[in-house]
There are 2 protein chains.
Amino acid sequence: MRSYGQYCSIARSLDVIGDRWTLLIARELLLQGACRFTDLKKGLPGIATNLLSTRLKELEEAGLITREEAPPPIATTLYTLSETGRTLEPVLKALGLWGLRFMADERPDDAFQARWLAYAPEWFTTDADPDAPPAVIQLVAADEAAVVELGNGRVRTRVGRATDPDLVLEGPPRAVLGLVNGLIDLEGARRIGLTATGRTDLLKRLRPHGDGTGCSS
Amino acid sequence: MRSYGQYCSIARSLDVIGDRWTLLIARELLLQGACRFTDLKKGLPGIATNLLSTRLKELEEAGLITREEAPPPIATTLYTLSETGRTLEPVLKALGLWGLRFMADERPDDAFQARWLAYAPEWFTTDADPDAPPAVIQLVAADEAAVVELGNGRVRTRVGRATDPDLVLEGPPRAVLGLVNGLIDLEGARRIGLTATGRTDLLKRLRPHGDGTGCSS
DNA sequence: CCGGATCCCCAGGGATACTG
DNA sequence: CAGTATCCCTGGGGATCCGG
């Protein structure tokens with residue numbers, strides 16, 4: 001990208017990661033770990049292959065990712081965030097937290113993936129009752145499933161299904177994520193199609209890092 | 001900007017503020033407060049006027065800035081960050097902190113302004129000895145001057161000159177800012193042209209929010 | 001199937017001139 | 001001062017093709 005030519009750390013950040021798609025590539029690598037070219041392509045619906053290729057080169061030059069030629073049985077090149085690349089996590093978290101305010105807007109054609117369902121609770125909520133016994137919440141939205149595990153004062157998430165969840169939240173993405181992130185309350189979420197089965201009291205434990213934008217009724 | 005079309009809060013953030021120059025406009029409005037068109041243009045060396053105009057419209061539509069027609073004696077339109085716009089501060093701070101690692105690179109042609117000298121200590125350092133008496137550090141780099149005021153456990157900065165500073169740091173931008181932000185130590189800063197006059201012990205009070213990138217000798 | 005490279009086209013950005 | 005208008009050019013989107 002063309003440099004802004006400003007001796008300012010924000011501008012210099014953007015010189016490196018301000019290009020289109022760059023931060024989303026970092027998101028995928030941070031969420032997925034080592035990725036093949038095709039894995040990245042799948043995780044970035046809409047990206048052109050030439051762009052992905054170009055960005056990967058640029059990111060490697062900038063020292064943010066490393067490419068390694070994996071031997072058989074993988075027999076392909078793997079892309080990984082470098083130590084420096086992983087320091088982008090706070091940047092992605094800040095952006096992600098700020099962007100929550102737009103998650104209420106309905107845009108039916110948006111792509112949606114289980115990983116994006118998963119990272120939000122882990123990054124943007126806290127267990128409000130850290131001493132309470134462990135609990136498991138199953139999220140299901142648009143055929144994508146993720147599991148939220150509460151316990152030991154932590155909120156952990158993973159893609160997939162749990163065997164015996166204490167609570168199942170199912171519905172359109174903006175209902176599930178809107179509820180979990182405190183943009184809407186349970187009643188509001190139900191009104192746009194959420195089904196909550198099980199211990200809905202667990203929702204009180206999930207405290208969003210809200211910034212005052214949310215909880216309309 | 002063209003939407004990424006992903007239901008992910010990072011992607012939705014970038015849909016709004018991912019365009020070129022957008023975040024730097026927010027930086028200026030955050031640092032300067034209400035601005036005229038020309039003020040922004042001066043604070044954003046290199047921006048084309050049509051782009052600035054376009055971005056201001058987009059930002060207004062997104063609800064991040066408000067334009068107000070000021071009556072005489074100002075008699076012009078003023079741009080201000082809205083309440084929502086001000087919530088970008090954590091995003092800018094995260095980016096600015098991450099970008100510090102690139103401030104060591106020398107790029108002599110980069111533009112430089114006093115405001116960019118000023119915000120870095122306020123955002124990225126802490127008073128390591130909050131109970132110590134107040135102190136004033138004068139920063140001077142490339143003819144731009146800023147004042148750092150330590151006191152009451154806070155680090156405050158402003159553009160301009162102090163009457164009787166306890167310490168004066170003068171030299172090329174990357175020497176002054178590199179030292180203040182912990183990228184280099186005093187010795188290293190002197191080696192690239194820093195002059196430190198006064199109580200250099202105050203530097204110990206200025207604790208950078210470093211992330212392990214710095215302090216090469 | 002994977003990992004790209006190539007080509008064409010268009011939108012967005014850059015520089016500058018011009019106007020109320 | 002506060003933009004608008006214009007022209008040019010680069011970078012991104014989309015499809016296709018190609019070697020391993």
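Values reported hereafter were calculated over all heavy atoms of this structure, with side chains retained and with hydrogens, waters and symmetry mates removed. So you know, we letter chains A, B, ... as the sequences are listed, proteins then strands, and number each from 1.
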Side-chain contact check for B:T77: nearest option of C:dG4, D:dG3, D:dA2 is D:dG3
Give the rounded distance in Å between these two atoms: CG of A:L14 and C1' of C:dG13. 16 Å
Just distance, no hydrogens or angles: give the donor-acceptor pairs under 3.5 Å from side chains in residues 137-147 of chain B, sequence neighbours left out.
| residue | atom | partner | partner atom | Å |
| --- | --- | --- | --- | --- |
| B:Q138 | OE1 | B:A162 | N | 2.7 |
| B:Q138 | NE2 | B:A146 | O | 3.1 |
| B:Q138 | NE2 | B:G160 | O | 3.2 |
| B:E144 | OE1 | B:A114 | N | 3.0 |

Does a side-chain N or O of B:T76 approach OP1 or OP2 of D:dC1 to a distance below 4.0 Å, or not? no
Rounded distance in Å - CG (B:L44) to P (C:dG13): 15 Å
Which whole-number value in Å describes the distance from A:I25 CD1 to C:dG4 C1'? 14 Å
Salt bridge or not between B:R86 and B:E83? Use side-chain N to carboxylate O under 4.0 Å. yes
Rounded to whole angstroms, how far apart are CG on B:L56 and C1' on D:dT4? 14 Å
Which whole-number value in Å describes the distance from B:R55 CZ to C:dA11 C1'? 12 Å
Rounded distance (Å) that lies between atom P of D:dG11 and atom CE of A:M1: 10 Å
Is B:E89 salt-bridged to B:K93, cutoff N-O under 4.0 Å? yes
Answer whether the closest heavy-atom distance between the side chains of A:L194 and A:E170 falls below 4.5 Å. no
I need a per-nucleotide contact map over nucleotides 13-20 of chain D, read 5' to 3'. Cutoff is protein heavy atoms under 4.0 Å; write B for the base, S for backbone only, - otherwise. BBB-----
Are A:R107 and A:D110 ion-paired here, with the side-chain N under 4.0 Å from a carboxylate O? yes
When the distance from NZ of B:K57 to P of C:dG12 is rounded to whole Å, what number comes out? 14 Å
Can you find a pair of side-chain heavy atoms, one from B:L52 and one from B:K41, that are under 4.5 Å apart? yes
Whether A:R20 engages the ring of B:Y4 as a cation-pi pair (distance to the six-membered ring centre under 6.0 angstrom, angle to the ring normal within 45°) should be assessed. yes
From CG of A:L52 across to C1' of D:dG11 the rounded distance in Å is 16 Å
Heavy-atom nearest nucleotide on DNA chain D taken for B:T54 and for B:K42; more 5' hit belongs to B:K42
